[in-house]
Amino acid sequence: MGLLDGKVAVVTGAGGGIGREHALALSGAGAAVVVNDLGGSRDGTGTGQNMADSVVEEIRAAGGTAVANYDNVATVAGGQGILKSALDAFGQADVLVNNAGILRDKTFAKMEEPEWDAVVAVHLKGTYCVTRPIFLHMRESGRGGSIINTSSTSGLEGNFGQTNYGAAKAGIAGFTRCLAIEGQKYGVRVNAIAPVALTRMTEDLPLAKNEAFQERMSPKHIAPLIVYLASDLAKDVTKKIFFVGGGQISEMRMVRTPGVTKKEGLWTPDEIAGQIGEILA
Ligand code: NAI
């Protein structure tokens, strides 16, 4: 008996990197899988069917069940097409992993509108476009479901040269927390991961050439958390953001300090300056 027997999982951007490992692991746990991938390059240019097709072949060769989908997550029609692939092939969708992503790193001074729009479109709007039809399906089916989004430490902690990507990834964290509240009464759980792994997205890192590091940071270390979150083992887990990579799993939290409350009247800037240490403590 697999942990996900009878479930149908949709993974976006599953033609390579982290998403491919998600798809293989979900299938290994018994889920039927929709392998979505637009098949473009790291910066989101180009399209192709080979990436999704090769992962579907891998899953089938291992005895699993999968279909390919080549839709663009950044469009409403693409999101609807992805749900249609799940319904046509398997009649339902129980798990959605929003994983598709691109990079167009630039310092903010050089960040022009095309770099901004392309990255926000795939990550943040893409999460909306794919989640909405599948969320509605999960709600109407009465079966609920598990939605797992992909945020990043770049958005939650900050990273040089990634204002576009970081803004989109922090937006996905906010999306996750809000939709988790709305999904509760329909049994739809919504969580996010902030993964770290060596893929084509991170191949420029100097450490990427180190063999021990390659094994430790393989994207296969991310997938077990996805299988757990997809499964009924996590039936009480929602509205959480997990850091995951290199064998470590931890929770990333938004923290509000106890702060200082002025009992009457408005703060003056001088008073704030006088108490800034306690406000930030
Ligand atoms: P990757 O580039 O290997 O995988 C991304 C996949 O998404 C590719 O197969 C690509 O073809 C697909 N894709 C891109 N645009 C698409 C679109 N519009 N529609 C459908 N598919 C599309 O990169 P990686 O590292 O596997 O990234 C997976 C996710 O994890 C991304 O959301 C990324 O931002 C996130 N992430 C990765 C980190 C890492 O350390 N590798 C760190 C933090 C977050």
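Indexing begins at 1, ligand by ligand and atom by atom, following the structure's order. The structure presented is a predicted model; accordingly, all values stated were derived computationally and were not measured.
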Residue Arg177 excluded, over 12 heavy atoms near CZ under 6.0 Å: yes

Ser151 N/O under 3.5 Å from ligand 1 N/O: no

Test item, Tyr165 contacting ligand 1 (heavy atom, 4.0 angstrom): yes

Where at least one partner belongs to residues 211-226, residue pairs that pass salt bridge (charged side-chain N to carboxylate O under 4.0 Å, His left out), sequence neighbours excluded: Glu215-Lys220

Polar atom proximity, Asn72 to ligand 1 (N or O, under 3.5 Å): yes

Val73-ligand 1 polar pair, N/O distance under 3.5 Å: yes

Asp71, portion touching ligand 1 at heavy-atom distance under 4.0 Å: backbone

Among Gly101, Gly40, Gly44, Gly245, closest by any non-hydrogen atom to atom 14 (C) of ligand 1: Gly101

Contact with ligand 1 for Thr12, non-hydrogen, under 4.0 angstrom: no

Protein residue, atom and distance nearest to atom 15 (N) of ligand 1, heavy-atom basis: Ile102 CG2, 3.5 Å

Atom indices of ligand 1 within 4.0 angstrom of Gly17 heavy atoms, with elements: 3 (O), 26 (O)

Flag if over 12 foreign heavy atoms under 6.0 Å of NZ, Lys262: yes

Per-atom contacts of ligand 1 with Thr150, taking only distances under 4.0 Å to non-hydrogen atoms: 29 (C), 30 (O), 32 (O), 35 (C)

Contact with ligand 1 for Gly126, non-hydrogen, under 4.0 angstrom: no

Atom NZ of Lys209 with >12 non-hydrogen neighbours under 6.0 angstrom: yes

Heavy-atom pair of closest approach, residues Asn99 and Gly13: ND2-O, 3.0 Å

Identified side-chain hydrogen bond (donor to acceptor under 3.5 Å, both in side chains) partner of Asn69 from the options Asp37, Thr12, Asn36: Asn36

Cationic N near anionic O, under 4.0 Å, Asp232 to Lys7: yes

Ligand-residue contact atoms, ligand 1 with Ser152, heavy atoms, under 4.0 Å: 43 (C), 44 (C)

Nearest-neighbour protein heavy atom for atom 39 (C) of ligand 1, which is reported as residue plus atom name and distance: Ala197 O, 3.4 Å

Ile18-ligand 1 polar pair, N/O distance under 3.5 Å: yes

Pairing of Glu112 and Lys106 as salt bridge, 4.0 angstrom limit: no

Heavy-atom nearest neighbour in the protein, as seen from atom 28 (C) of ligand 1, with distance rounded to 0.1 Å: Asn99 OD1, 3.1 Å

Contact partition for Val122 relative to ligand 1, non-hydrogen atoms under 4.0 Å: side chain

Glu251 atom CD, over 12 foreign heavy atoms within 6.0 Å: yes

Contact summary for Ser27 and Ile59, nearest pair of heavy atoms: OG-CG2, 3.2 Å

Protein residue, atom and distance nearest to atom 6 (C) of ligand 1, heavy-atom basis: Gly13 O, 3.5 Å

Atom 21 (N) of ligand 1 - nearest protein heavy atom and its distance: Leu38 N, 3.3 Å

Contact (N/O only, under 3.5 Å) between Met51 and ligand 1: no

Protein heavy atom at shortest distance from atom 13 (N) of ligand 1: Ala100 CB, 3.9 Å

Numbered atoms and elements of ligand 1 in range of Gly39, under 4.0 angstrom, heavy atoms: 11 (O)

Heavy-atom nearest neighbour in the protein, as seen from atom 43 (C) of ligand 1, with distance rounded to 0.1 Å: Pro195 O, 3.1 Å

Shared hydrophobic cluster, Tyr186 / Val190 (ILVMFWY, side-chain heavy atoms < 4.5 Å): yes

Element-labelled atoms of ligand 1 that are located less than 4.0 Å from some non-hydrogen atom of Thr202: 39 (C), 40 (O), 41 (N)

Per-atom contacts, ligand 1 versus Asn36 - under 4.0 Å to a heavy atom: 20 (C), 21 (N)

Test of proximity, Val196 against ligand 1: N or O pairs below 3.5 Å: no

Among Val130, Val188, Leu83, the one residue meeting side chain to side chain contact (heavy atoms under 4.5 Å, CB included) with Phe135: Val188

Any Met217 heavy atom less than 4.0 Å from ligand 1: no

Minimum heavy-atom distance Asn98-Leu96, with the two atoms named: ND2-CD2, 3.5 Å

Closest protein heavy atom (residue, atom, distance) for atom 9 (O) of ligand 1: Asp37 OD2, 2.6 Å

Nearest neighbour of atom 8 (C) of ligand 1 from the list Met201, Arg200, Gln162, on a heavy-atom basis: Arg200

Phe213 atom CZ, neighbour heavy-atom count above 12 within 6.0 Å: yes

Atom pair OG1/CG of Thr202 and Leu205 - distance to nearest 0.5 Å: 5.5 Å

Backbone of Gly158 reached by a side-chain donor or acceptor of Ser154 within 3.5 Å: no

Polar atom proximity, Thr199 to ligand 1 (N or O, under 3.5 Å): yes

Worked verdict on Thr131 versus Thr127 for side-chain hydrogen bond (donor to acceptor under 3.5 Å, both in side chains): CA-CA 6 Å; Thr131 302; Thr127 299; 5.7 Å; no

Close approach, Arg20 and ligand 1, non-hydrogen under 4.0 angstrom: no

